[in-house]
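Have a look at the structure below before the remarks.
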Amino acid sequence: MSLRRTTLVFLSLLLLAPAACTPSQAAEAPRWSAPAVSASPTPPKPRPAPTSTTDVRNRVTGAMLNLSAEIHPETAQYTDENTTAWKLISLCRSSLPSDVKRTAYRERIWDGESVWVRQYVVGYLKVPGRKLADELRSVLATCKQYEVPDDGRTSTIVRPSPPPVPNGPDVITFCERLSGKSILHQCTLVLVRGNFVMEVDTSMTNGDLAAGTALIAKIAPLAVAALEKVA
């Protein structure tokens, strides 16, 4: 028998040696198992409806975003915040019918050289947010283009496909192509939960639609979490 064949036989015996262990020893050998897959997080249960104007105001304040440089370098600080009465976006009509019943509202704006972000949160003591969402959907079903009041620009509604955030009963997304001396795009995200509505608008000063939708997609998870915290 050659040296090479002798070596191969010896190695074969070594490889077969573990098979000679007793059944009990085999049972004690550790077995690999796939790691458990954690379930996807579920939204928290809705909070009880607000019971007073003060409660609505406190919750509106609690839903304001603190954007960081991870979203966009210019959103590390906000430039303006106020509680002046404003209107939820309504496009071809002056206002959504139920918006006149708003109880509290707050606006925060990030205005940089290349990016503009606006957050507007509205709380209603008696009106469910989905009623406002349905009214906005009704407007979007027929509104395709309109003259922006006191602005001098023409807005054309744009529905990116796929949308930057999946639409649903509590989510509405769309963009506008604003034409005037220059052309830019503004994208809007509307979230509703309980008696509260959050609107987030984004626009890039270079007018780029893709960048505006990408920014909405980045902000959306933070907006959802902020609204779930108060409603």
Side-chain angles (χ1 to χ4, degrees), residues 40-41 43 63-80 86-93 96 107-122 129-130 132-148 151 153-193 196-228:
S40 57
M64 301 310 292
L65 293 172
N66 290 300
L67 302 182
S68 67
E70 294 179 1
I71 299 297
H72 192 283
E74 295 178 40
T75 59
Q77 295 181 347
Y78 63 87
T79 58
D80 186 35
W86 211 76
K87 298 177 182 179
L88 281 171
I89 196 165
S90 53
L91 308 175
C92 289
R93 58 196 306 174
L96 300 178
E107 179 188 56
R108 181 173 286 182
I109 295 175
W110 295 259
D111 192 0
E113 293 183 2
S114 64
V115 63
W116 177 83
V117 179
R118 173 180 175 273
Q119 179 198 20
Y120 184 55
V121 181
V122 192
R130 281 193 176 182
L132 279 299
D134 289 342
E135 292 173 359
L136 178 56
R137 287 192 188 92
S138 178
V139 171
L140 285 168
T142 57
C143 181
K144 306 302 179 185
Q145 189 177 83
Y146 68 100
E147 298 298 320
V148 182
D151 187 83
R153 292 184 292 182
T154 300
S155 171
T156 302
I157 309 304
V158 179
R159 307 300 289 267
S161 181
V165 181
N167 289 284
D170 301 324
V171 182
I172 300 173
T173 58
F174 61 92
C175 298
E176 297 177 71
R177 184 176 186 269
L178 299 169
S179 303
K181 292 182 179 180
S182 61
I183 296 176
L184 62 84
H185 290 87
Q186 176 179 307
C187 293
T188 296
L189 167 68
V190 175
L191 302 173
V192 303
R193 185 173 170 87
F196 296 83
V197 180
M198 180 188 294
E199 176 185 334
V200 178
D201 305 309
T202 63
S203 180
M204 311 302 289
T205 54
N206 64 1
D208 188 62
L209 174 60
T213 58
L215 188 55
I216 279 283
K218 280 186 177 182
I219 295 174
L222 299 177
V224 170
L227 197 57
E228 288 178 348

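Along the sequence shown, residues are numbered consecutively beginning with 1. Source: prediction; values computed, not measured.
Within the 3.5 Å criterion, the main-chain N or O of S68 finds a donor-acceptor partner in the side chain of T75. Judged purely by atom type and a 3.5 angstrom limit, E74 uses its side chain to pair as donor or acceptor with the backbone of E113. N206 places no side-chain N or O within 3.5 Å of a backbone atom of S114 that could act as its donor or acceptor partner.
Of the inter-residue distances, the one linking N167 atom CG with L189 atom CG reads 9.0 Å to the nearest 0.5 angstrom. Here the OG1 atom belonging to T173 is positioned 8.0 Å from the CD1 atom belonging to I216, to the nearest 0.5 angstrom. With values rounded to the nearest 0.5 angstrom, M198 atom CE is found 5.0 Å from L227 atom CG. The distance from atom CD1 of I172 to atom CG of L132, rounded to the nearest 0.5 Å, is 9.5 Å.
Closest approach of M204 to A211, counting heavy atoms only: CG-CB, 3.6 Å. For the residue pair P169 and V192, the shortest heavy atom distance occurs at O-CG2, 4.1 Å. Across all non-hydrogen atoms, the minimal contact from E199 to I89 is OE1-N, 3.1 Å. Minimum heavy-atom separation, R108 to M64: CB-CE, 3.6 Å. Here the shortest heavy-atom pairing between A217 and V165 reads CA-CG2, 4.4 Å.
In this structure E107 satisfies the salt bridge (charged side-chain N to carboxylate O under 4.0 Å, His left out) test together with R118, sequence neighbours excluded. Remark: F174 engages no residue in a ring-ring contact (aromatic ring centres under 6.0 Å, His included) (not counting sequence neighbours). For D80, there are no salt bridge (charged side-chain N to carboxylate O under 4.0 Å, His left out) partners at least two apart in sequence or on another chain. Checked against side chain to side chain contact (heavy atoms under 4.5 Å, CB included), C92 has the following partners two or more places apart in sequence or in another chain: C143, Y146. With sequence neighbours excluded, the residues that form a salt bridge (charged side-chain N to carboxylate O under 4.0 Å, His left out) with R137 are D134.
Using a 4.5 Å heavy-atom threshold, the side chains of V117 and L65 count as separate. Counting heavy atoms from C-beta outward, I109 and W116 have side chains that approach closer than 4.5 Å. Residues Q119 and V121 form a side-chain contact, since some pair of their non-hydrogen atoms from C-beta on lies under 4.5 Å apart. Residues T213 and C175 are in side-chain contact: their nearest non-hydrogen atoms beyond the backbone lie under 4.5 Å apart. You'll find the side chain of Q186 stays beyond 4.5 Å of the side chain of S155, heavy atoms only. The shortest side-chain heavy-atom distance between L67 and Y78 does not fall under the 4.5 Å cut-off. Using a 4.5 Å heavy-atom cutoff, the side chains of T202 and V115 are not in contact. For the pair L184/T205, no side-chain contact is recorded, criterion being any heavy-atom separation below 4.5 Å from C-beta on.
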### Task
List the steps, then state whether side chain to side chain contact (heavy atoms under 4.5 Å, CB included) holds for C187 with L209.
CA-CA 8 Å; C187 293; L209 174 60; 3.8 Å; yes
### Message
side chain to side chain contact (heavy atoms under 4.5 Å, CB included) for I71 and L222? Distances and angles first, verdict last.
### Response
CA-CA 10 Å; I71 299 297; L222 299 177; 3.8 Å; yes
### Message
side chain to side chain contact (heavy atoms under 4.5 Å, CB included), that's the test. Do E135 and L88 meet it? Break it down for me.
### Response
CA-CA 11 Å; E135 292 173 359; L88 281 171; over 6 Å; no
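Residue pairs meeting the salt bridge (charged side-chain N to carboxylate O under 4.0 Å, His left out) criterion with at least one member in residues 168-192, sequence neighbours excluded, are R130-D170.
Heavy-atom contacts from other residues, nucleotides or ligands closer than 6.0 Å to CD of Q145 number more than 12.
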